[in-house]
Amino acid sequence: MRKPIVAIALMAFAGIAGVQAQSYPSRQLTIVVPFPPGGSTDVVGRIMAEKMRPLLGQPVIIENVGGAGGSIAVGRVARAAPDGYTIDIGQWDTHVGSIIYPLNYDLQKDFEPIGLISIMVAKKALPADDLKGLVAWMKANPGKITFVNQNAAGQVSGILLQQLTGTQVQFIPYRGAGPAMTDLISGQVDLLVVQGAVALPQVRGGTIKAIVNLSPSRSASMPDIPTSDEGGVPGLYMSGWFGFFAPKSTPRDIIDRLNSVIVQVLADPAVRTRFAELGLDVASREQQTPEGLAAFQKAEIEKWWPIIRAANVKPE
């Protein structure tokens, strides 16, 4: 993934115009969040929805639909009417990593993502304070490090770490980042790869320590955390992202209308400040278009699907 970014995304699963876009929107919009309330996807979705309402002139509500790594919610949106009134906000797990589930929709259509930073954090007592120290400790203590496997992104991050460093980890399955973070704070597990929005409050509070920012360049929102390249493991990247997705055959006029609103929201200084507090960087304006970011998901899929398939990653 390129620079750690946050850029909201909109994807039409492809198709032709079939409704009157001129009057859009004329009623309430629903943003389906494919995870329970309180997580980072839900938080970002609600920030965006609040700012989208006055620009669209209609209510924009959030509906949380969890299950199967978010694929249930995404499948529901894929089958919704292509009229621009039902969209979902997804991310890496739902639109790249979800190939570990049986899917009845295509993940490789054009869309523009919102990015989210991921960082590797460690329990406070781990005898390593940065990536170089971590790799050295892991090589001196083979197979002893415990690595949280709370989702597909967490598992493939651990697999990539093993491949790039010649080390071994013990994967510990968790049902979510919340329980995993609780155990990391208490010292029950060693390492967790998680979105910055989840980890930064604990890092700033001193209950855990940040090992590395898994992006090619440092983040403006957390500039003190070095990258994996700086830590001696180039290519250890797992920057997260978000995207809004619309059903197949949603007219381009409606996609453009929603995109215009999204771009305005991302330019709002209050939104940028809030995202920075959550560890999010806003993407360049060029990346905030369906055309400009169509290659983004394609590159993510080309990088991660072979790793996922080779490692035979399955739902826990």
Side-chain angles (χ1 to χ4, degrees), residues 5-35 41-65 70 73-91 94-95 105-116 241-268 270-272 274-275 280 282-297:
I5 57 172
V6 55
I8 221 137
L10 182 61
M11 162 187 172
F13 285 87
I16 59 174
V19 300
Q20 296 296 319
Q22 300 93 317
S23 60
Y24 175 86
S26 60
R27 55 185 173 86
Q28 171 180 289
L29 282 74
T30 298
I31 296 176
V32 177
V33 174
F35 300 102
T41 308
D42 179 67
V43 170
V44 171
R46 291 179 188 277
I47 291 172
M48 295 299 296
E50 180 183 359
K51 294 293 185 178
M52 290 169 69
R53 289 179 191 120
L55 295 174
L56 289 168
Q58 296 290 340
V60 181
I61 67 167
I62 295 291
E63 183 177 352
N64 297 90
V65 180
V74 175
R76 172 181 167 181
V77 172
R79 296 187 298 271
D83 54 12
Y85 291 100
T86 302
I87 60 178
D88 83 84
I89 181 168
Q91 33 94 312
T94 58
H95 291 278
Y105 48 88
D106 191 336
L107 287 173
Q108 298 190 76
K109 302 299 182 179
D110 296 344
F111 77 101
E112 52 170 309
I114 299 187
L116 172 69
W241 48 265
F242 292 117
F244 279 134
F245 299 82
K248 179 180 179 179
S249 298
T250 300
R252 181 62 191 224
D253 297 24
I254 289 177
I255 298 296
D256 288 345
R257 173 78 171 109
L258 286 168
N259 178 258
S260 174
V261 168
I262 286 165
V263 169
Q264 290 181 68
V265 172
L266 290 177
D268 186 321
V271 171
R272 287 177 172 254
R274 181 69 178 120
F275 280 165
L280 303 172
V282 177
S284 68
R285 179 62 184 86
E286 291 74 20
Q287 289 179 304
Q288 295 175 31
T289 66
E291 295 76 18
L293 291 178
F296 180 88
Q297 187 196 27

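- Of the possible polar contacts, one joining the Asn64 side chain to the Phe35 backbone as a donor-acceptor pair under 3.5 Å is found.
- With rounding to the nearest 0.5 Å, the separation of CD1 in Ile255 from CZ in Arg252 is 7.5 Å.
- Heavy-atom minimum distance, Gln28 versus Gln58: N-OE1, 4.1 Å.
- In this structure, the separation between OG1 on Thr41 and CD1 on Ile31 is 12.0 Å, given to the nearest 0.5 Å.
- Within the cation-pi definition used here (under 6.0 Å to the ring centroid, within 45° of the axis), Arg257 does not qualify as a partner of Tyr24.
- The distance from atom CD1 of Ile61 to atom CZ of Arg53, rounded to the nearest 0.5 Å, is 9.0 Å.
- Taking the side chain as every heavy atom from C-beta outward, Met48 and Leu266 approach each other to under 4.5 Å.
- Remark: of the listed residues Asp256, Ile254, Val261, Ile254 is the sole one forming a side chain to side chain contact (heavy atoms under 4.5 Å, CB included) with Leu258.
- Annotation for Pro247 and Ala81: closest pair CG-O, 3.7 Å, computed over non-hydrogen atoms.
- Side-chain atoms of Lys51 and Arg46, non-hydrogen and from C-beta on, never get closer than 4.5 Å to each other.
- Residue Pro82 comes nearest to Pro251 through the heavy atom pair O-CD, 3.5 Å, listed as atom of the first residue, atom of the second, then distance.
- For the pair Asp83 and Thr250, the tightest heavy-atom approach, listed with the atom from each and the gap, is N-OG1, 4.4 Å.
- Taking the side chain as every heavy atom from C-beta outward, Val33 and Val65 never approach each other to under 4.5 Å.
- A donor atom on one side chain and an acceptor atom on the other are found under 3.5 Å apart for Tyr85 and Ser26.
- A salt bridge is absent between Asp268 and Arg274; no separation between the charged side-chain nitrogens and carboxylate oxygens falls under 4.0 Å.
- Interatomic distance, CG of Asp88 versus OG1 of Thr30, reported as 12.0 Å (0.5 Å rounding).
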Next on the checklist: side-chain contact (heavy atoms from CB on, under 4.5 Å), that's the test. Do Phe244 and Asn259 meet it? Break it down for me.
Outcome noted: CA-CA 10 Å; Phe244 279 134; Asn259 178 258; over 6 Å; no
Next on the checklist: The test is side-chain contact (heavy atoms from CB on, under 4.5 Å); show your working for Thr86 and Val32 and say whether it passes.
Outcome noted: CA-CA 7 Å; Thr86 302; Val32 177; 4.1 Å; yes
Item to check | Phe245/Ile89 under side-chain contact (heavy atoms from CB on, under 4.5 Å): CA gap, chis, key distance, verdict | outcome: CA-CA 6 Å; Phe245 299 82; Ile89 181 168; over 6 Å; no
